[in-house]
Amino acid sequence: MEETQPVPRVGVVLFVLKGKSVLLGRRRASIGESTFALPGGHLEFGESFEECGARELMEETGLEMGKADFLTVTNKVFLDKSKHCHYVIVFLRAVLADPNQVPQNPEPDKCDGWDWYDWDNLPQPLFSTLDEMVRSGFNPFPST
Ligand SMILES: CC(C)CCOP(=O)(O)OP(=O)(O)O
Ligand SMILES: [Mg+2]
Ligand SMILES: [Mg+2]
Ligand SMILES: [Mg+2]
């Protein structure tokens, strides 16, 4: 019997920028377990990319998204572990509505906690897709 392949899903993740730092959290999840990743998650029915990003940011960090704009998109099949999955990941760049807001960790089963990391001194290991972008020289910061 042919093994049913999982259908591709859409994720929306955010480069939340603060000065030269970016918000990252260490994942506790099947995909990218123990790697440092951007906040974000599955696009839900009827959402715009920005609505999804704002919802996921609030759900995962308690932070309110301010201005956001589209950066790039990737298309990747994840074969790590037993759970094979295929994601189109939309990357937004965002700032906080209130730059003084402090990230919380309301989903401790999914993440060790959130912190700001200098782009020139990122923690390791990074989530695979983010690692590939960094290694390729990708820069999420607006050109001044
Ligand atoms: C692989 C990823 C970029 C897309 C899914 O993200 P996620 O596992 O954080 O999903 P949720 O936040 O929606 O649980
Ligand atoms: Mg989420
Ligand atoms: Mg998530
Ligand atoms: Mg979700």
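- Taking every heavy atom of both residues into account, P39 and E60 meet most closely at CA-OE1, 3.6 Å.
- Between K20 atom NZ and D120 atom CG the span is 6.0 Å, to the nearest 0.5 Å.
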Pair up each side-chain donor or acceptor in residues 103-111 with any protein partner under 3.5 Å, not counting sequence neighbours, and list the distances.
residue : atom : partner : partner atom : Å
Q104    : NE2  : V102    : O            : 2.9
N105    : ND2  : C111    : O            : 3.0

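- Judged by distance alone, with hydrogens and angles left aside, the side-chain atoms of T35 form a donor-acceptor pair with the main-chain N or O of G32 at under 3.5 Å.
- Annotation: side chain of S34 is not in contact with side chain of R27 (no heavy-atom distance under 4.5 Å).
- K76 contributes atom NZ, which lies 3.5 Å from atom OG of S128 (distance to the nearest 0.5 angstrom).
- Ion pair D69/R93 flagged as a salt bridge, since at least one NZ, NE, NH1 or NH2 atom sits closer than 4.0 Å to an Asp/Glu carboxylate oxygen.
- Counting side-chain heavy-atom gaps under 4.5 Å among Ile, Leu, Val, Met, Phe, Trp and Tyr, the cluster of I31 also holds V13, F15, L17, V22, L24, F36, L38, L71, F78, Y87, I89, F91, Y117, W119, L122, L126, F127, L130, M133, V134, F138, F141.
- Shortest non-hydrogen contact noted between P6 and C85 is CG-CA, 4.3 Å.
- With sequence neighbours left out, the salt bridge (Lys or Arg N to Asp or Glu O under 4.0 Å) criterion links E47 to R55.
- Under the 3.5 Å distance criterion, the side-chain polar atoms of E51 are matched with a main-chain donor or acceptor of S48.
- When hydrophobic residues (I, L, V, M, F, W, Y) are linked wherever their side-chain heavy atoms come within less than 4.5 Å, the members clustered with W114 are V10, V12, L14, V16, L23, L43, F49, L57, L63, M65, F70, V73, V88, V90, L92, L96, W116.
- The salt bridge (Lys or Arg N to Asp or Glu O under 4.0 Å) test applied to D112 returns R28, not counting sequence neighbours.
- Taking H86 as the reference, nothing meets the ring pair (Phe, Tyr, Trp, His ring centres under 6.0 Å) condition, with sequence neighbours excluded.
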